[in-house]
Every structure is written in C-alpha cells, then in structure tokens.
Amino acid sequence: MKKYFLKPVALKFIIPFFLILAALVIHSCKRDNKNNSPTADAVSQAKAWYESAYPVSGTTGGTLITQTVGGTHDLTQWVKPDWQHTVSYARLGKNVIEMPVDPASKFGSTLKIGNKLLNKAYSRSYFLLLNDGKTYQAYILTILADSSYVNNDLSKLAHNTYRKLDADFSGKIIYFTPRGAYLGGYGYKNGKLVAPPTATSQQTGPQQIQSVNTGNLKPHAIVQQCTDWYIAYFIDGVFQDADYLTTTCVEVDDGNNNASNNPPPPPPCPAGSHPGPPVTPPCIPLSSIDAVNSGHLTTNNLPVPPPDGGAPPPPGQTACSVDGQAKPCPDDITDPCAQKADIAARAANAIIAAQNTLILSNTTSTEVEYGTDQNLTSLTGTSYVNTGVTRGATDAWTPTFSWDSTNGYTVGFSHGHPGDTGPSPIDVYFLASQINTNAALRNNATNKQIYEAKASVTTLTSAGTYVVTINDWTAISTVLTNSYSTPAQVAAFNNNYQAIGQQYISDNGSATKGDAGVFALMQLFPGAINVYYAPTGSNTYTPLTINTAVNGNKTIGNLPCPQ
C-alpha cells in the first residue's frame, strides 16, 4: 500500500466514511365484556388523548407518509378514528372504546403472504383505545376473513370485532400501533385458534421420512418453507404501497404439505429487534467468534383462547427494541497482550510465513512494494488461501478484498516497505475502509464482527515486521471521517504524519524509520490501534507503546505483558 512517511504525497482516490445508525421502536397491550354506549365525556377524553399522542401534521397530500425511523408508513397521517360511531365496554380488565376507521380516509389494507395477496374486500380495521383507569393505549385491529368463511356474504364481516368473533370465524386478526408498527397476530380456523407450526433451523439438505400409504412405505422429503409477510395498503381501492413485516420458516413434508392452509402469524417484533428494553449482548470471545447465528425466527406459542369469545388481546405492551450488536470482548482486541498470541499464530502459519518471506525478498531486491491478501478458507477455521504475491510500485501496493468460499475471506494484508518505513496512514485506512466499502461486511453484522476481530495489516521491512490491528473501530471511523474524507484532508493528514515522524528522528538520534512511523501513527490514531513488532525471521511479536521519560521526551518501546 502507498506509504507517505518521509516521501512526497500523491493522492489519487478517497472513499468517504459514513456511519448509519438506525433505531426502531414498536409498542403494544391487553383488555370483561359489557356493552355500553360511551358517555360524551369518555369519548371526549379519549379523543383528546389520542389527538395529543398522535398529532396530524397536515401535510399528507393524499398519500401515505413514510416514517423516518423503521421504514413503515405512519398511518396516523391518513387513517382517522370514526369518533361518531364509538362503542364502549369493559373487557379483560380494561375499558375499551372501539370504533371503525373513518370512511373519509377511503383506507383499506390486507396481507400479502408470499406471492398471494389476500382479498382486500374481506378485510376490516378498527381503532381500539384501552384504558386501565390511569393510562390509554391505542391500537389498530385488522380482521382478515377467509373466503370459506365469507362464502359470498360480506355482511358477515361486521360480526367480528375485538369484543366478539363468530363461532365459525376463519381468518386472521392482526394488531398495529396507530403509526403502523406491526405488533403480532393470530390465525383462526372454524372458530378455533390455529397453532403456528414450529420454526426450525435450516437443514443442510433434504431429510427423508417414511409414511404409510396403501400399505407401502414411501419416503417423503422434509424441506424448509419460508414465507415473506407484508401488509399492503389501499386508498380508495388503489394499491399504494406495502410494508415488509417478517419472514417465517418452517419444515414441512413435501409429500403431504398442508402447512400453507394455515400459515403462522408473524412474530410480534420485526427481524433485528426483540421484545423489551434494549439489551447489551455479551461480548463474543475471539476464540468463538466464528459461531454464526442461524438468523431464523421463532413463533409464539398458542395463547389460551379468551373465555368470552372475543379476539385475543394485543401482544403484551412491551416495546420492541432493536437488537444490540455483540462485539468482540475487550480483552481480545483492546488488550495488546491478550491479542499478541493470535498475531504470532497467524505469522507462523505456513502459507502466511511463505508469503511474507517472498514479499520481503522481492521488495528488498527490487526496491518495489510487493504484497498479498490474507484470506481465510472459511470463517470457522485457521487455514489460509495461498493467494499470489503481486508487484506494486516503488511506494505503493494495492490490496484486493474478497468474502466468499471460492476466493476466501480477507482478514488482512501483507506488503513490503522498501524504505524500511513503518506502517502508514493509508495502511490503516485500507484496513478500516473495508467495513463500509464492501457490502458483505456493511450489510451483515456477523461478518462485520468477524472482520473487526481478526483484521490486521502487516508491514515488512528489512529491519523487522510490524502488524497493526484496530482496537476502537468507532474512534478510527471518527478520525477518518473528520480528517481523511477529502483530498485536501488526506494531504494534510499525511503531511502531519511525515512531520511527526521527522521530529521523532530529530529528538531521538538512534531512532529507526520504522519506530518513527509507528510513533507518528499512534499520535494520529491515539488509543485506537495496537502495533506489534517482530525482528526479521522471528514470529515473536511484542506490542509497542509510547514511553514518556522524566524530561517529557517520548519514545517507542515494548509494552510489558504478564508472563
């Protein structure tokens, strides 16, 4: 890679850094079955609360408004409660005000399950306001009837509300917040709650079972069936848009598959979130970070049917929080002494060692940079692909990157510096930039965790070998975003690197160019990187640190580690 220490700077490219933080919060709740006409005061109070909690911006413009967080549509900006047709009753320990959607909204919705769009004419939505005497919760309840239940009689749809379902109702009931956040749902068949099939992890290949049919044993394959769920919105009968809800996967017998007749209701929290308050997951030890989660969803257990014949209550009022991202344990990447054994083990690998020997030999004999990528053959092992060593220029070598089973998984780079200078800012930049420039890391949290825990850049010189790792990826990103995002910034950054290194040599007459480069790099990325050094021909790597003398002079030295 290009180095800038003690050389003029020539920059040809820059890839800006960016960080995206997305947060998603969803709400939900519960509710003795007594019908009353709501008093004007009760309705007035409920309406005042609702309009305060869900104000209308007045900018709908005849279209659905997408929320800035979560990617769902904010239904409060289009769908209104019909306050002229309210009913109230007590049910499941709460006072309920139930009303249809204001017909002026001309609003409709239905489910899209896989490639199948359910008939929107068989769908009805209601607003529910529940009050426990202290606080309100609001929901949109959507009832979607099966065609077998409707049987060409649409008047039957009005028989089913939160308070009471027909004894022979078949279909689904689903709950949303007024802003359109999906909470969960239930399936019915002939008035009975349908137990969702149990979600399972994906098999590596079809399994075989035996079933008895006309006296003969015949094998049936067990296959995984995954279904995408969407809620589709209509205004005045015209399709507007659809919000993705979730994907459910089950294993079914393809010789006798009846699971599609009663698909499971989606789980209450979207993929990437969980019920309850935010949780910081435990860190992942470096030794076990290769364990990749299956990512499959689970479904809720079948609830106890309400004794009054009404619909089950909304899922418990527990907000969904975005899943926290597990990170490598601090001792693995922030403690240089804990990490040095992994650095030494990689350098001692036969393929890596042979590559480094060839790189140093070619670089020394030609005064041209040579290098190669360090590609694991799998994310669950320590074997490396024998990637070819390639020639660069007198002061530059460009790495590549791959993340697949054919070419391997790039977790580092090795390259030579013919001038015996230490690692440079561009080395750190290339190491860090992969997180945002490669979709395999940017779009997959597990891949990103693995890369961050294992990534390193190796700089080979005739005097010794330097290895740099990143121990604070947020800090690195901040430095590069603020100081390495334009050609002018990069030029200034590298000029500063050269100036710090030159001053180090001036202050320490016996200093090597390598130590000067390490000192400059540590000053520019304070506390965010670990640097290791091994003499030429050795795989004993020592973490480096900055020592401060009594007179204030700072020098590069070995970091003492517990034995």
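Being a predicted model, the structure only gives us computed values, none of them experimental. Any value given below was found using the heavy atoms of this structure, including those in side chains, with hydrogens, waters and symmetry copies removed.
Within the 4.5 Å cutoff, the side chain of Tyr230 has no heavy atoms near those of the Leu111 side chain. A heavy-atom distance below 4.5 Å is found between the side chains of Gln45 and Tyr136. Looking at heavy atoms from C-beta onward, Ser105 lies in side-chain contact with Asp102 at the 4.5 angstrom threshold. Contact check for Tyr122 versus Leu154: side-chain heavy atoms found under the 4.5 Å cut-off. In this structure, Leu130 and Asn95 have side chains that are not in contact, with every pair of non-hydrogen atoms separated by 4.5 Å or more. The shortest side-chain heavy-atom distance between Thr474 and Asp472 falls under the 4.5 Å cut-off.
Of the possible polar contacts, none joining the Lys448 side chain to the Ala440 backbone as a donor-acceptor pair under 3.5 Å is found. Panel note: side chain Thr76, backbone Arg179; no donor-acceptor pair is recorded below 3.5 Å. Side-chain atoms of Asn131 come within 3.5 Å of backbone atoms of Gly133 as a donor-acceptor pair (strictly under, hydrogens ignored). The main-chain N or O of Ser148 is never found under 3.5 Å from a side-chain atom of Asp146 such that the two would form a donor-acceptor pair. Put simply, the side chain of Ser477 never gets that close to the backbone of Trp473: no donor and acceptor are under 3.5 Å apart.
Checked against the 6.0 Å centroid criterion, the rings of Tyr233 and Phe107 qualify as a close aromatic pair. Taking the six-membered ring for Trp and the full ring otherwise, the centers of Tyr429 and Tyr484 sit less than 6.0 Å from each other.
Asn190 and Asp168 are not linked by any side-chain donor-acceptor pair at a separation below 3.5 angstrom, with hydrogens and angles left out of the test.
Each of Thr410, Asn407, Thr400, Asp404 was compared with Asn375 under the side chain to side chain donor-acceptor pair (under 3.5 Å) criterion, and only Thr410 meets it.
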Check the pair Tyr409, Asn447 against side-chain hydrogen bond (donor to acceptor under 3.5 Å, both in side chains), reporting the backbone distance first and the verdict last. CA-CA 10 Å; Tyr409 302 88; Asn447 289 345; over 6 Å; no
Test log, rule side-chain hydrogen bond (donor to acceptor under 3.5 Å, both in side chains), inputs Gln339 and Thr469: CA-CA 9 Å; Gln339 194 182 47; Thr469 65; 2.9 Å; yes
From CA spacing to verdict: side-chain contact (heavy atoms from CB on, under 4.5 Å), Trp83, Met99: CA-CA 7 Å; Trp83 297 102; Met99 69 204 96; 3.6 Å; yes
For side-chain contact (heavy atoms from CB on, under 4.5 Å), just list the numbers for Phe169 and Lys156, CA-CA rounded to whole Å, side-chain angles, deciding distance to a tenth of an Å, and then say yes or no. CA-CA 9 Å; Phe169 173 73; Lys156 296 180 67 175; over 6 Å; no
Between Tyr126 and Asn160, is a side-chain hydrogen bond (donor to acceptor under 3.5 Å, both in side chains) present by the stated rule, with each step listed? CA-CA 10 Å; Tyr126 300 87; Asn160 301 281; over 6 Å; no
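Ring-plane geometry between Trp403 and Phe401 is classed as parallel, the angle between the planes falling under 30 degrees on a 0 to 90 degree scale with a further cut at 60.
Judged by a 6.0 Å distance limit and a 45° cone about the ring axis, Lys172 is not positioned over the six-membered ring of Tyr186.
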